[in-house]
Amino acid sequence: MPTTTIDLAAEVATLLNVFTVDPARQRELVTVLETATETVMRHQPGFISANIHASLDGTRVANYSQWSTVDAFQAMLANPECIPHLDSARALAHSDPHMYTVESIHHV
C-alpha cells in the first residue's frame, strides 16, 4: 500500500485541510475522518495517503492527504459515495481546505 512520502520530485497533489472544532468534539471529528478515510476515501481513484492530526489544545484537526492529481481529488468531492462523509465532518467543524505543492524539505 502506498505511504505518505514528501519529496520535491513526487508528482502528487497535496491537500492540507485544517478543521476548527469545539474541543469537546475533536475526538468525534477525528473518528469521522478516520472512518471516512478507511471505508471510502482510500478506495477512490487517485488516493495515495491520508494523515489525520489532532492539535494538543483540542481546537483543530488537520488532514494532510496526497492525491495523484488535483482532478482526482476534485472527482472525490463530487462522488455521491463520498458526500455524506464530507457533510458529517462539516457538521462538526469549519474546514479550510487548500491544495499545495511541496516547495522545500529540510532535515537535521
Side-chain angles (χ1 to χ4, degrees):
M1 171 187 245
T3 61
T4 301
T5 301
I6 301 175
D7 182 344
L8 287 171
E11 294 184 16
V12 300
T14 301
L15 168 73
L16 291 174
N17 190 358
V18 178
F19 296 84
T20 303
V21 63
D22 181 312
R25 302 197 82 182
Q26 184 191 52
R27 178 55 35 203
E28 183 180 0
L29 177 60
V30 167
T31 299
V32 164
L33 295 172
E34 288 174 338
T35 300
T37 301
E38 203 48 43
T39 61
V40 178
M41 304 307 176
R42 72 185 199 103
H43 303 288
Q44 299 306 302
F47 176 87
I48 296 171
S49 67
N51 304 272
I52 310 300
H53 304 263
S55 69
L56 297 178
D57 67 2
T59 64
R60 304 276 191 289
V61 174
N63 175 4
Y64 178 97
S65 62
Q66 294 177 328
W67 294 82
S68 60
T69 64
V70 172
D71 288 342
F73 173 73
Q74 295 294 334
M76 177 278 296
L77 292 177
N79 184 327
E81 184 181 23
C82 299
I83 292 171
H85 296 279
L86 300 169
D87 289 345
S88 293
R90 288 186 198 114
L92 293 170
H94 169 77
S95 68
D96 188 22
H98 297 276
M99 298 302 290
Y100 292 84
T101 60
V102 176
E103 298 296 320
S104 178
I105 300 170
H106 307 270
H107 298 280
V108 175

ILVMFWY network linking Y100 to V70, side-chain heavy atoms under 4.5 angstrom: no
Pairwise distance CG(N51) to CD(Q66) - rounded to 0.5 angstrom: 7.5 Å
F47/M76 under side-chain contact (heavy atoms from CB on, under 4.5 Å): CA gap, chis, key distance, verdict: CA-CA 9 Å; F47 176 87; M76 177 278 296; over 6 Å; no
Donor-acceptor under 3.5 Å (Q26 side chain, R60 main chain): yes
Single-linkage hydrophobic cluster, 4.5 Å side-chain cutoff, Y64 and I48 together: no
Co-membership, hydrophobic cluster, residues I6 and V12, 4.5 Å side-chain: no
SG-NE2 distance between C82 and H43, expressed to the nearest 0.5 angstrom: 10.5 Å
Would you list the atom pairs, donor with acceptor, under 3.5 Å between side chains in residues 13-21 and any protein atom, with sequence neighbours excluded?
| from | atom 1 | to | atom 2 | distance (Å) |
| --- | --- | --- | --- | --- |
| N17 | OD1 | D96 | N | 3.2 |

Contact summary for S68 and A72, nearest pair of heavy atoms: OG-CB, 3.7 Å
Over all atoms of both residues, closest heavy-atom pair of I105 and L8: CD1-N, 3.6 Å
D7 versus A9, closest heavy-atom pair with distance: OD1-N, 2.8 Å
Under the side chain to side chain donor-acceptor pair (under 3.5 Å) test, residues paired with S95 that sit two or more places apart: none
Criterion side-chain contact (heavy atoms from CB on, under 4.5 Å) on T37 and E34, from CA distance to verdict: CA-CA 5 Å; T37 301; E34 288 174 338; 5.9 Å; no
Verify same cluster id: I52, L92 (apolar side-chain graph, 4.5 Å): yes
side-chain hydrogen bond (donor to acceptor under 3.5 Å, both in side chains) pairs, two or more places apart, involving residues 84-93: D87-R90
Donor on one side chain, acceptor on other, D71 and T69, under 3.5 Å: no
Same cluster (ILVMFWY, side-chain, under 4.5 Å), M41 and L33: no
